[in-house]
2 protein chains.
Amino acid sequence: MFTLAEENYLKAIFHLEHELQGEVSTNAIAESIETKPSSVTDMVQKLAEKKLLTYKRYKGVQLTAEGKKVAINIIRKHRLWEVFLVEKLNFHWDEVHEIAEQLEHIQSEELITRLDKFLGSPDFDPHGDPIPDKHGVLKRTEKKLLSEIEKNQQGVCVGVKESSAEFLQYLDKKKISIGTKIKVLGKEFFDGSMIIQVGNEQFFISHIIAENLYVQIQE
Amino acid sequence: MFTLAEENYLKAIFHLEHELQGEVSTNAIAESIETKPSSVTDMVQKLAEKKLLTYKRYKGVQLTAEGKKVAINIIRKHRLWEVFLVEKLNFHWDEVHEIAEQLEHIQSEELITRLDKFLGSPDFDPHGDPIPDKHGVLKRTEKKLLSEIEKNQQGVCVGVKESSAEFLQYLDKKKISIGTKIKVLGKEFFDGSMIIQVGNEQFFISHIIAENLYVQIQE
DNA sequence: TTATATTTTTAGATTAGACTAAAAATAAAA
DNA sequence: TTTTATTTTTAGTCTAATCTAAAAATATAA
Ligand SMILES: [Mn+2]
Ligand SMILES: [Mn+2]
Ligand SMILES: [Mn+2]
Ligand SMILES: [Mn+2]
């Protein structure tokens, strides 16, 4: 149906639309998929002709409903495969992204239907990201960045914003994973750093860490 | 490591070397991967430069040890994925080949190691074809074509030579699958057709069928 | 508002892989 | 052993996806 490159562009643009809240620039796309802006212009013109996005010269792009549908389906496949790799093959959560980047392009509706069933129709992937259902509907949960919660509040970790192997390994070292309870003991106004409690341990984390961890507040 | 096209050529050449018992011609490759002979010449020259096969103009090609290693690894992946699709996702044996053609190109040693373990290190795929181990070693079994066995002998089906969906569906209709006992009740010298017994049923099969079914003779 | 900087697009080149048409080598038939 | 047929290779073209360099548009600063 679509080429590997086309699928990767659509997925990247979809993610950028959410991060940037609106129109996505040529440079933003180029940076995100590690290519040159001139290459992006070419591809974006091709995708516009195929009605997967709208494009006005110098004005950036926006996915059409059809483009979104394609992107969401790739994301669905990516996240289902990540669940498979962690739940069934016992990969660790910092090892699965690269492999899922390949698996997400396998073309077979039936395969995904069956994989989903085999995995028990999971709602979230190993990084806490929601898995769209077959109609593209995402389960919404109200989660907050750890950096947004107040002193003495407590939450349970439900996801990571950044999901590089390096960050995930840092979290492992600190014994933080999906489901871990985190209590904010102190918060430094100046630099946003925090003292938090995880299990019996209390330690310092920088703002960078706090704004890449999603938590659900607990009373 | 290798491109999709390169992998497909190596795999096709490997299979042809076995079918044709020796040197593989340009035309044979072209037919097998459904491309033009001129395209094959190009690719074969490229693979020769990479030392994956030896090539003499107008003389056909032969895989090097390295070329064989690559080909066998792809076949290993293909067959392991087929087992996964049938055993875990409950696909039928006539539905898995096309999907495995895609999955066999996923690049990750670790993935295959874990998949193999998850599946219980199977020795055969759903069509009865042997799965090479991680060193490329194939489990050899003495099996015969049904067409080669004599009247009143009996065997158990251990594999199919042809594994197109059409042929597999024919076998389903006749209630023949891996493990099925087959007894030869009659054999027509003229055209090689047979009367066989499968379970309680007795029926006629043509030579074409008999020479695409592998059996292991039982006393 | 004019000058400068940044972003984006165009023009032209490159690579992998495939194709067609024609030439060259080899095999088969007369 | 010529002639004819088949197989294989070469030469040249095409498309997808990328790149560099330069031009054009837009944004920012003086
Ligand atoms: Mn991922
Ligand atoms: Mn993920
Ligand atoms: Mn197969
Ligand atoms: Mn098979």
Side-chain angles (χ1 to χ4, degrees), chain A residues 1-14 16-17 19-63 67 70-71 74 101-102 104-105 107, chain B residues 1-14 16-17 19-63 67 70-71 74 101-102 104-105 107:
Chain A
M1 200 62 183
F2 300 101
T3 69
L4 191 105
E6 287 171 341
E7 290 192 349
N8 282 334
Y9 271 88
L10 291 172
K11 186 178 53 141
I13 294 166
F14 181 87
L16 287 169
E17 281 188 353
E19 281 168 37
L20 309 178
Q21 314 269 49
E23 42 123 70
V24 178
S25 73
T26 300
N27 265 5
I29 298 168
E31 193 181 352
S32 133
I33 65 181
E34 292 179 291
T35 187
K36 301 290 165 179
S38 54
S39 306
V40 173
T41 301
D42 276 353
M43 178 58 91
V44 142
Q45 287 171 346
K46 196 172 126 197
L47 293 173
E49 273 181 24
K50 293 193 176 188
K51 311 273 189 216
L52 294 164
L53 48 78
T54 57
Y55 164 69
K56 282 217 194 91
R57 275 155 78 254
Y58 296 100
K59 291 297 181 193
V61 303
Q62 198 166 6
L63 292 180
V70 174
I74 298 160
E101 286 287 303
Q102 297 179 63
E104 73 189 6
H105 300 289
Q107 309 270 13
Chain B
M1 198 66 181
F2 299 101
T3 68
L4 190 105
E6 287 170 341
E7 290 191 347
N8 282 334
Y9 272 90
L10 292 172
K11 186 177 52 139
I13 293 166
F14 181 88
L16 287 170
E17 281 188 353
E19 280 168 37
L20 310 178
Q21 315 268 48
E23 41 123 70
V24 178
S25 72
T26 299
N27 265 5
I29 299 169
E31 193 181 352
S32 132
I33 64 180
E34 293 179 289
T35 186
K36 300 292 164 177
S38 55
S39 306
V40 173
T41 300
D42 277 352
M43 178 58 92
V44 142
Q45 288 171 346
K46 195 172 128 198
L47 294 173
E49 274 181 22
K50 293 194 176 186
K51 310 272 189 219
L52 294 164
L53 48 80
T54 57
Y55 163 70
K56 282 217 195 89
R57 276 155 76 254
Y58 295 99
K59 290 297 181 194
V61 302
Q62 198 165 8
L63 292 180
V70 175
I74 297 161
E101 287 286 304
Q102 299 179 59
E104 72 189 7
H105 300 290
Q107 310 270 13

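Since the model is a prediction, treat every value here as computed from it, not as a measurement. The sequence lines fix the lettering, A, B, ..., with proteins before strands; numbering per chain opens at 1.
- Residue B:Tyr58 has its side chain nearest to C:dA24 when only C:dA24, C:dT8, C:dA18 are considered.
- Atom pair A:Asn8:CG and D:dA16:P shows a separation of 17 Å (rounding to whole Å applied).
- Atom CE in B:Met1 sits about 16 Å away from atom P in C:dA16, given to the nearest Å.
- Among D:dT7, C:dT8, C:dT10, the nucleotide with an atom closest to any side-chain atom of B:Asn27 is D:dT7.
- Using a 4.0 Å cut-off, some side-chain N or O of B:Thr35 falls inside it from OP1 or OP2 of C:dC19.
- Rounding to the nearest 0.5 Å places OH of A:Tyr9 at 4.5 Å from OG1 of A:Thr35.
- A straight line from CE of B:Met43 to P of D:dT10 spans 16 Å, rounded to a whole angstrom.
- Atom CG of B:Asn8 sits about 8.5 Å away from atom OG1 of B:Thr3, to the nearest 0.5 Å.
- Applying the 4.0 Å criterion to OP1 and OP2 of D:dT9, one finds that B:Tyr55 has a side-chain N or O inside that range.
- Atom-to-atom, CD of A:Glu31 to C1' of C:dT7 comes out at 13 Å; the value is rounded to the nearest Å.
- Nucleotide C:dA24 holds its C1' atom 9 Å from the CZ atom of B:Arg57, rounded to whole Å.
- Rounded to an integer number of Å, the gap from NZ of A:Lys36 to P of D:dA22 is 15 Å.
- When the side-chain nitrogen and oxygen atoms of A:Ser39 are compared with OP1 and OP2 of D:dC19, one or more of them lie within a distance under 4.0 Å.
- In this structure, CG in A:Leu47 is found 11.5 Å from OG1 in A:Thr54, a value given to the nearest 0.5 Å.
- If you check every strand for non-hydrogen atoms under 4.0 Å, A:Ser38 touches a base.
- The separation between A:Glu34 atom CD and D:dT18 atom P is 12 Å, rounded to whole Å.
- Between the CG atom of A:Asp42 and the C1' atom of D:dC19 there is a distance of 10 Å, given to the nearest Å.
- Nearest to the side chain of A:Tyr9, among C:dA24, D:dT18, D:dT26, sits D:dT18.
- Listed pair A:Gln45 / C:dT9 fails the phosphate criterion, with no side-chain N or O lying under 4.0 Å from OP1 or OP2.
- Atoms CD and OG, on A:Glu31 and A:Ser25 in that order, are 9.0 Å from each other to the nearest 0.5 Å.
- A salt bridge is absent between B:Lys11 and B:Glu6: the closest approach of a Lys/Arg side-chain nitrogen to an acidic carboxylate oxygen does not fall below 4.0 angstrom.
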